[in-house]
Amino acid sequence: LKNRTMKNVFVVILLVSSVFSYGRNPQKEMEKKLIGTWCNPYTYEYSGELKGFAFKKGGRCEAVNVPSLDLKSWEIKDGALIIKGFMTDETGEKEEYETIERILKLNDDTLRVVSKESSPRVTFMYMNAKVIKERITPQVQKRKEK
């Protein structure tokens, strides 16, 4: 009787979990979480400037306070964030810009990506602009307060 009860409990747990996971699309969930403005917390801490990316619905993208970037689109494919647009170099020439970065972490307030896996490994962290000012105090503000 005890063994049978455990099997029934297991079946119920399996059914409940399948109902909640039915229709969940991890790709769509990541895309939904990415919509918003993401800025580099280290740049903000050092200079008080918000610099990063604004990811919009429909795959549109804009650079935030990075005048050399004219971004147009973004997408997530196989766990990688792909951003496309144009970059203006030091001479004023525009060239195509594309970056493909593997997403290491994405939640409501943190986006961490790796753009280069090999040595040296290059990773970037961004924070949602809605929370960055609550959690990071710019050094310029600290210097003014002294």
Side-chain angles (χ1 to χ4, degrees), residues 6-7 9-146:
M6 290 303 291
K7 283 183 181 176
V9 168
F10 180 72
V11 169
V12 168
I13 290 171
L14 201 60
L15 286 172
V16 169
S17 67
S18 69
V19 165
F20 283 110
S21 65
Y22 179 76
R24 289 181 61 192
N25 181 334
Q27 175 89 11
K28 292 290 181 198
E29 288 179 24
M30 286 177 82
E31 290 172 358
K32 216 170 152 181
K33 282 184 183 179
L34 193 65
I35 302 288
T37 302
W38 298 88
C39 297
N40 185 306
Y42 306 111
T43 302
Y44 181 71
E45 181 180 29
Y46 178 74
S47 69
E49 293 180 288
L50 292 174
K51 291 187 178 214
F53 304 94
F55 300 106
K56 300 180 179 204
K57 290 181 181 177
R60 293 179 299 117
C61 182
E62 295 176 356
V64 175
N65 295 322
V66 184
S68 61
L69 291 177
D70 180 17
L71 303 179
K72 300 297 182 188
S73 66
W74 68 271
E75 68 176 310
I76 297 175
K77 187 174 182 180
D78 301 324
L81 174 60
I82 302 166
I83 303 171
K84 296 179 182 179
F86 297 93
M87 182 172 74
T88 306
D89 66 16
E90 313 79 44
T91 66
E93 292 288 319
K94 261 191 175 185
E95 57 187 58
E96 284 192 37
Y97 174 88
E98 178 180 83
T99 182
I100 301 171
E101 300 172 337
R102 189 168 55 83
I103 298 171
L104 297 176
K105 180 178 182 178
L106 175 59
N107 59 31
D108 292 339
D109 59 8
T110 303
L111 168 62
R112 186 167 290 143
V113 296
V114 61
S115 62
K116 185 178 176 188
E117 293 283 349
S118 61
S119 183
R121 182 178 160 120
V122 180
T123 62
F124 295 98
M125 186 174 104
Y126 301 94
M127 291 181 74
N128 192 302
K130 293 178 183 177
V131 299
I132 198 168
K133 290 181 179 181
E134 297 169 8
R135 298 186 185 169
I136 307 291
T137 303
Q139 294 297 319
V140 284
Q141 182 177 340
K142 289 179 184 176
R143 287 190 291 265
K144 287 179 186 177
E145 290 173 356
K146 287 183 179 180

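These numbers were taken from a predicted model, which means no experiment stands behind them.
In this structure, the separation between OG on S73 and CZ on F55 is 10.5 Å, given to the nearest 0.5 Å. Taking CG of N25 as the reference point, atom CE of M30 lies at 11.0 Å (rounded to 0.5 Å). One finds the NZ atom of K32 at 13.0 Å from the CD1 atom of I76 (value rounded to the nearest 0.5 Å). Taken to the nearest 0.5 Å, the NZ atom of K84 stands 9.0 Å off from the CD atom of E96. Residue L111 holds its CG atom at 6.5 Å from CG of L81, rounded to the nearest 0.5 Å. In this structure, L69 CG and K51 NZ are separated by 10.0 Å, a value rounded to the nearest 0.5 Å.
Across all their heavy atoms, P41 and M125 have their closest contact at CD-O, 3.3 Å. Between T137 and E45, the shortest heavy-atom distance links the atoms O-CG, 3.8 Å. Of all the heavy atoms in C61 and I83, the pair that sits closest is SG-CG2, 4.1 Å. The minimum heavy-atom distance between C39 and I132, with the atom names listed, is O-CD1, 4.0 Å.
Here ring-ring contact (aromatic ring centres under 6.0 Å, His included) pairs that include residues 102-136, with residues two or more places apart or in two chains, are F53-Y126.
A salt bridge links K28 with E31: the closest approach of a Lys/Arg side-chain nitrogen to an acidic carboxylate oxygen falls below 4.0 angstrom.
In this structure, the side chains of E49 and N65 stay at 4.5 Å or more apart for every pair of heavy atoms. Put simply, the side chain of Y44 reaches to within 4.5 Å of the side chain of K133, judged on heavy atoms. Counting heavy atoms from C-beta outward, N40 and Y46 have side chains that stay 4.5 Å or more apart.
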Tabulate below the donor-acceptor pairs under 3.5 Å that side-chain atoms of residues 97-104 make, not counting sequence neighbours, or state none.
| from | atom 1 | to | atom 2 | distance (Å) |
| --- | --- | --- | --- | --- |
| T99 | OG1 | E101 | OE2 | 3.3 |
| R102 | NE | E117 | OE2 | 2.7 |
| R102 | NH2 | E117 | OE1 | 3.3 |
| R102 | NH2 | E117 | OE2 | 2.4 |

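The number of heavy atoms from other shown groups lying within 6.0 Å of CD (E95) is above 12. Summarising the local packing, CG of D78 is surrounded by 12 or fewer heavy atoms from other residues, nucleotides or ligands at distances under 6.0 Å.
Formation of a donor-acceptor pair under 3.5 Å by the W74 side chain with backbone atoms of E62 is not found in this model. Remark: the backbone N or O of V131 is not paired with any side-chain donor or acceptor of N128 at under 3.5 angstrom.
K94 pairs by the side chain to side chain donor-acceptor pair (under 3.5 Å) definition with D70, not counting sequence neighbours.
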